[in-house]
Amino acid sequence: MNQIPQFDPSQYEKKWREKWEEEQIYHIDNPVNAGKPKYYCLDMFPYPSGEGLHVGHWRGYVLSDVWSRYKLLQGFNVLHPMGWDNFGLPAENDAIHKGIHPKISTKKNIDNIRRQLKEIGCIYDWSKEISTTHPDYYKWTQFIFLKMFEMGLAYQKEQPVNWCNDCKVVLANEEVAGGKCERCGGTNIEKRFIKQWMLKITAYAERLLQDLDDLDWPEKVKEMQRNWIGKSIGAEVDFKIDGHENLGPVTVFTTRPDTLFGATFLVMAPEHKLVKQITEASRMSEVDAYIKETHKMSNIDRQTNKDKSGVFTGAYAINPVNGAKLPIWISNYVLMDYGSGAIMAVPAHDERDFQFAQKFGIPIIEVIHSDAAKRNADGTLSEAYVGDGDIINSDYLNGLNVEKAKETIVSRLEKDGVGKKTVNYKLRDWIFARQRYWGEPIPVVYCDKCGIVPVPEKDLPVELPDVESYKPSDDGSSPLAKMTDWVNTRCPKCGGPARRETDTMPQWAGSSWYFIRYPDRDYKEAFASPESLKKWLPVDMYVGGIEHAVLHLLYARFWTKVLYDAGLVPFKEPFQRLFNQGMVCRRAHRCHKCNRWVYDHELDLSIEPDKRVCPTCGSKLEISMEKMSKSKGNGINPDILVSQYGTDTLRLYELFTGDPAMDSEWNDDGIKACYNLLKRSWNFVHAAQPQPQSSPRAAKAVNKLIKDVESRMLAFKFNTAVSAFMEFINEASDAVNEFSQEDLEKFVIVMSPFAPHFAEEIWMTYFKKPDHVFHQPYPKCDEKLLEASEIEYTIHINGKLRMKVMAAPGCSEEALKQLLKGNPRFEELVGDKPVRKTIFVPNKLLNFIL
RNA sequence: GCGGACGUGGUGAAACUGGUAGACACGCCAGAUUUAGGUUCUGGUGCCGCAAGGUUUGAGAGUUCGAGUCUCUCCGUCCGCACCA
């Protein structure tokens with residue numbers, strides 16, 4: 001008997017990774033891949049933080065790699081690229097605190113993460129690696145910005161912005177989480193007025209909404225984007241202001257024009273332009289005070305304060321349909337940046353207006369009658385009625401239902417020239433400037449004579465100069481503003497003196513189009529070569545975390561549509577299919593007194609969880625489940641597990657722990673199972689004495705494996721695919737010498753996407769094959785071999801499972817009854833009792849109702 | 001408040017269109033072999049019961065011959081949005 005070599009992944013894993021890299025077998029331009037159809041599988045590229053990767057990051061990368069390798073076996077030329085999204089605040093904050101140039105710190109971080117990524121054994125084509133901070137890359141980010149400027153989609157606007165006093169930076173609405181700065185976490189946001197570069201994403205709201213329907217994305221993500229875009233259909237109605245006809249009318253937006261006759265007051269946002277002009281002198285001080293009060297309030301106060309407040313301006317608006325005089329109030333429940341900043345209030349049929357009217361004693365007029373409305377004993381409404389019903393008190397609308405009334409009144413308003421049908425979106429334009437150093441310079445100059453002048457394409461990129469201090473100045477301007485040599489330049493148009501824009505782009509810029517650059521990253525003539533656009537794009541499969549459901553994925557779609565409109569790309573959507581892996585969580589310890597996360601290494605984990613205390617202050621720790629991250633001290637470093645068990649084991653285990661789409665709680669108790677799977681597979685293949693032909697049992701096991709693994713991969717259920725390998729090896733271990741060489745080879749090929757080093761070692765070293773296992777075709781399942789001669793039928797009595805019998809597949813109800821006749825167990829159960837009814841499910845069960 | 005997801009053994013979890021709940025593992029228990037190369041093998045393992053049997057998918061109801069799966073009510077956890085007119 002042959003001596004079976006010891007299973008020891010450290011003997012071969014590194015060797016194969018080096019070999020693959022040396023041969024560049026995953027490079028899309030490698031001649032071995034010529035002529036194959038393309039498949040583009042994209043991972044969301046990481047922000048290279050100093051923390052390195054933890055096992056949660058691994059999960060997504062393993063997932064997409066198994067998928068990519070499966071596509072490889074299917075005969076595709078697979079592009080699976082990797083790069084770095086390395087502009088952004090964390091590196092800059094590091095620079096401010098430690099004085100290290102972000103270029104240097106991010107390079108260090110990238111080197112470490114690249115090393116970690118290589119250990120996963122992914123088929124990344126490293127010859128396509130890109131970095132958003134490389135001038136050859138951001139040259140084209142700047143180019144796209146200028147395209148948008150040319151198309152009128154990039155513009156400047158003075159407007160209230162979210163100012164974070166700590167970061168000294170203006171934040172996009174999208175970066176304000178719960179009224180707090182998403183970057184630094186704690187600081188409250190205040191409003192400031194700054195001239196900002198904006199991108200007109202709202203011009204694409206409708207297309208961003210409509211085109212979602214055709215994408216093969218998780219419904220959840222599509223729904224989140226729909227909510228974010230927030231389309232609502234309604235009408236704009238113009239109200240004249242009594243005694244202020246010179247100011248023109250105030251326009252309100254409403255989704256309920258059918259209730260116009262029920263309006264009893266108007267409310268304007270405190271920031272509304274007309275407020276100061278219409279307020280009566282005697283009320284000016286009160287109104288002023290209220291406006292000041294609102295400005296002081298942070299967003300979070302404004303949101304959580306459910307108690308309605310407001311002030312009467314003393315002015316009245318005229319209802320265009322019936323001439324009624326409606327008092328105009330201001331209140332902070334009306335937002336300036338949605339609709340027109342003013343509403344008509346119909347307390348009978350809107351909850352918020354109802355609360356407001358009740359508090360300030362404003363009349364409530366019902367215009368929709370329904371028995372479903374909730375009423376007080378005296379017949380008045382006890383809460384706003386928002387449902388359908390018959391229109392009343394509304395002149396020519398009376399008797400119509402809500403929908404009909406909407407149509408009727410809108411056409412009447414349009415005819416009379418006092419209103420029109422309108423669509424509104426919650427989506428707001430994107431603030432596209434940061435007063436920061438570590439970002440792409442916005443490529444425009446200001447000339448006293450010519451105004452805003454874009455930097456000509458031939459002068460791109462506008463390179464980021466080195467600065468002495470990374471700290472923004474207290475007025476909030478970028479550190480670049482202090483670099484006078486850089487700032488002062490010549491106007492490209494007239495040649496006169498001019499100043500450069502010192503704001504930089506937000507971190508989202510580079511990631512909004514990186515997938516376009518990958519296939520031909522060295523192309524000099526344009527942001528992408530026409531051949532690569534045609535051949536490689538759009539992306540076929542995009543894999544990444546759910547946290548990017550709205551921002552990044554919406555921005556990337558927006559940029560793609562802009563490029564399409566500019567005639568620069570031939571596709572309208574960047575990512576045909578999207579898969580979001582669930583978050584990997586782990587319990588984390590928090591000390592409320594010290595207000596910090598306590599790291600695992602500070603604790604004695606053998607102590608009962610509820611007895612653990614803070615090492616600094618001794619108070620009891622709160623334990624909660626948190627997304628794995630080093631800052632919470634609950635990360636698990638994959639490097640340690642890899643050195644202990646090998647890459648393939650960790651790859652398998654990352655998949656085995658649960659449904660990849662679901663969140664999971666990390667625990668490495670079961671990692672041995674995956675190590676054992678590989679070890680048993682190793683021993684099985686080495687011990688097997690190949691036969692000229694597989695036994696029926698062995699052939700069935702192999703074919704079942706081929707089918708199960710493939711169908712589970714297609715459903716993205718990698719966890720049960722790993723189970724299928726375990727089932728196979730359980731079966732195969734009992735039939736070691738019943739397999740043909742061909743079937744053993746099929747097993748190794750099917751295994752190769754999951755455990756590539758293992759498969760390659762067996763394939764090349766043990767089987768002594770001349771070509772890599774990844775160049776083999778995915779084996780076909782022979783369905784005939786899976787057919788069983790007998791299957792189990794369950795016999796139910798009154799719906800309860802009572803016994804089981806074996807019979808041929810496709811057995812008829814009658815045949816099965818014949819088979820049961822005379823069976824002692826069956827006689828005991830049924831006997832002479834009359835059978836009222838039977839239910840037969842082919843190949844499954846027979847149910848007797850007695 | 002609105003929208004979405006989820007709730008199954010000691011643990012991680014399976015279960016396709018309603019049809020044997022707990023696959024596959026971890027852990028644990030018993031035994032065998034071996035005895036230091038992350039041993040291997042056999043059997044057991046939801047709960048109650050010696051057993052026959054009963055019972056079991058957050059709680060309760062309903063539809064059905066049959067419900068983890070469908071419907072309703074409630075409880076709980078997580079995520080997203082949040083005065084959007």
Side-chain angles (χ1 to χ4, degrees), chain A residues 6-8 177-178 218-221 223-228 230-232 234 252-256 259 267 269 299 302-308 331-335 337-346 350-353 355-356 424-428 546-547 549-550 582-583 585 625 627 644-645 653 656-659 661-677 679-680 683 711 715 717 719-730 733 792-804 836-841 843-850:
Chain A
Q6 182 70 27
F7 171 64
D8 181 3
E219 209 37 58
K220 180 185 174 154
V221 175
E223 199 54 32
M224 280 167 77
Q225 293 215 350
R226 287 190 191 106
N227 289 337
W228 195 264
K231 179 181 184 174
S232 57
V252 305
F253 173 71
T254 176
T255 55
R256 297 296 304 273
T259 62
V267 190
N299 267 13
R302 232 170 126 162
Q303 279 166 22
T304 48
N305 183 11
K306 291 280 170 194
D307 198 22
K308 295 281 174 294
S331 172
N332 61 22
Y333 85 91
V334 175
L335 309 173
D337 41 16
Y338 181 77
S340 59
I343 61 157
M344 67 176 211
V346 185
D350 182 278
E351 230 175 277
R352 296 150 301 177
D353 299 348
Q355 285 172 22
F356 195 87
N424 241 303
Y425 301 91
K426 285 189 210 172
L427 186 70
R428 276 160 277 178
I546 186 77
E547 64 271 22
V550 181
M583 290 187 297
C585 303
M625 208 45 67
K627 186 181 172 193
Q644 230 173 334
Y645 296 100
Y653 187 62
F656 182 58
T657 50
D659 186 333
M662 304 281 232
D663 290 353
S664 74
E665 185 188 331
W666 181 265
N667 133 14
D668 33 51
D669 291 349
I671 194 163
K672 239 178 99 179
C674 294
Y675 184 83
N676 282 341
L677 169 62
K679 187 165 79 175
R680 294 179 71 198
N683 291 339
S711 67
K717 301 278 183 193
N719 49 336
T720 51
V722 176
S723 301
F725 285 110
M726 292 173 175
E727 279 166 11
F728 172 81
I729 205 70
N730 285 342
S733 302
E792 194 178 61
Y793 287 78
T794 57
I795 308 304
H796 298 238
I797 311 291
N798 291 335
K800 293 214 174 211
L801 173 72
R802 285 295 122 126
M803 60 179 289
K804 299 168 185 177
R836 208 151 46 88
K837 187 178 165 189
T838 54
I839 292 128
F840 177 68
V841 181
N843 295 325
K844 280 229 162 81
L845 62 87
L846 183 55
N847 188 2
F848 292 87
I849 312 301
L850 302 180

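Proteins come first, then strands; the chains are lettered A, B, ... in the order of their sequence lines, and each starts at number 1.
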By ring pair (Phe, Tyr, Trp, His ring centres under 6.0 Å), Y675(A) pairs with (sequence neighbours left out) F7(A), Y645(A)
Check the interface with nucleotides 35-42 of chain B: list each N/O to N/O pair with the protein under 3.5 Å, or write none.
unit_1, atom_1, unit_2, atom_2, d
G38(B), OP1, Q6(A), NE2, 2.5
G38(B), O6, Q644(A), O, 3.0
G38(B), N2, Y645(A), OH, 3.1

Considering only atom P, compute the distance from U73(B) to G80(B) and round it to an integer number of Å. 26 Å
I'd like the C1' distance from G76(B) over to U64(B), given in whole Å. 29 Å
In chain order, what residues pass the salt bridge (Lys or Arg N to Asp or Glu O under 4.0 Å) check against K717(A), with sequence neighbours excluded? D659(A)
Can you tell me the pairing partner of C70(B) across any strand shown, Watson-Crick or G-U wobble, with both distances under 3.5 angstrom? G62(B)
Quick one: list whatever passes salt bridge (Lys or Arg N to Asp or Glu O under 4.0 Å) with D353(A), sequence neighbours left out. none
P-based separation of C78(B) from G43(B) [nearest Å]: 43 Å
When you check every protein heavy atom under 4.0 Å of nucleotides 8-16 of chain B, what one-letter string (B, S, -) results, 5' to 3'? ---SBSS-B
Nearest non-hydrogen partners of T259(A) and M344(A), listed with the distance: OG1-CE, 3.7 Å
Need the pair for U8(B). Rule: Watson-Crick or G-U wobble, both distances under 3.5 Å, any strand; none if unpaired. none
With rounding to whole Å, what would you report as the distance between G46(B) and U35(B) at their P atoms? 34 Å
Which base sits across from U57(B) as a Watson-Crick or G-U pair, both distances under 3.5 Å? none
Applying a 4.0 Å non-hydrogen cut-off, can you work out what R802(A) is touching in the nucleic acid: base, sugar-phosphate, or nothing? sugar-phosphate
Closest listed nucleotide, where the reference is the side chain of I849(A) and the choices are A85(B), C65(B), A25(B): C65(B)
In whole Å, measure the gap between the P atoms of G66(B) and A21(B) for me. 14 Å
Rounded to whole angstrom units, what separation is found between the CZ atom of R428(A) and the C1' atom of A82(B)? 11 Å
Across all strands shown, which nucleotide pairs with G37(B) by Watson-Crick or G-U wobble geometry, both distances under 3.5 Å? none
H796(A) NE2 to U20(B) C1': how many Å, rounded? 6 Å
Partners meeting salt bridge (Lys or Arg N to Asp or Glu O under 4.0 Å) with R680(A) (sequence neighbours left out): none
Quick check against the 3.5 Å criterion: does N719(A) have a side-chain atom that pairs as donor or acceptor with the backbone of T657(A)? no
What is the distance, rounded to the nearest whole Å, between atom CG of N227(A) and atom C1' of C2(B)? 9 Å
Glycosidic class, syn or anti, of G18(B) using a 90° window around 0: anti
With rounding to whole Å, what would you report as the distance between A85(B) and C74(B) at their P atoms? 26 Å
Minimum heavy-atom distance between A269(A) and L335(A), given as atom pair plus value: CB-C, 4.0 Å
M224(A) has an atom CE; how far is it from atom P of A82(B), in whole Å? 11 Å
Using the C1' atoms only, state how far U69(B) lies from A5(B), rounded to an integer number of Å. 16 Å
Let me know the distance between CG of N847(A) and P of U64(B), rounded to the nearest Å. 15 Å
Name the pairing partner of U45(B), where a pair is Watson-Crick or G-U wobble with both distances under 3.5 Å, or state none. G27(B)
What is the distance from CG of D353(A) to P of A85(B), rounded to the nearest Å? 12 Å
Could you tell me how far apart I671(A) (CD1) and A25(B) (P) are, to the nearest whole angstrom? 16 Å
Test ring pair (Phe, Tyr, Trp, His ring centres under 6.0 Å) applied to Y338(A) - qualifying residues, sequence neighbours left out: none
Strictly by Watson-Crick or wobble contacts shorter than 3.5 Å, is anything paired with G80(B), and which nucleotide is it? C2(B)
For the C1' atoms, the ones on A13(B) and on U17(B), what distance do you get once it is rounded to whole angstrom? 23 Å
K426(A) has an atom NZ; how far is it from atom P of C2(B), in whole Å? 14 Å
All side chain to side chain donor-acceptor pair (under 3.5 Å) counterparts of N798(A), not counting sequence neighbours: none
My understanding is that only residues two or more places apart in sequence, or in another chain, count here; which of them pass salt bridge (Lys or Arg N to Asp or Glu O under 4.0 Å) with K220(A)? none
What is the pairing partner of U20(B), taking Watson-Crick or G-U wobble pairs with both distances under 3.5 Å in any strand? none
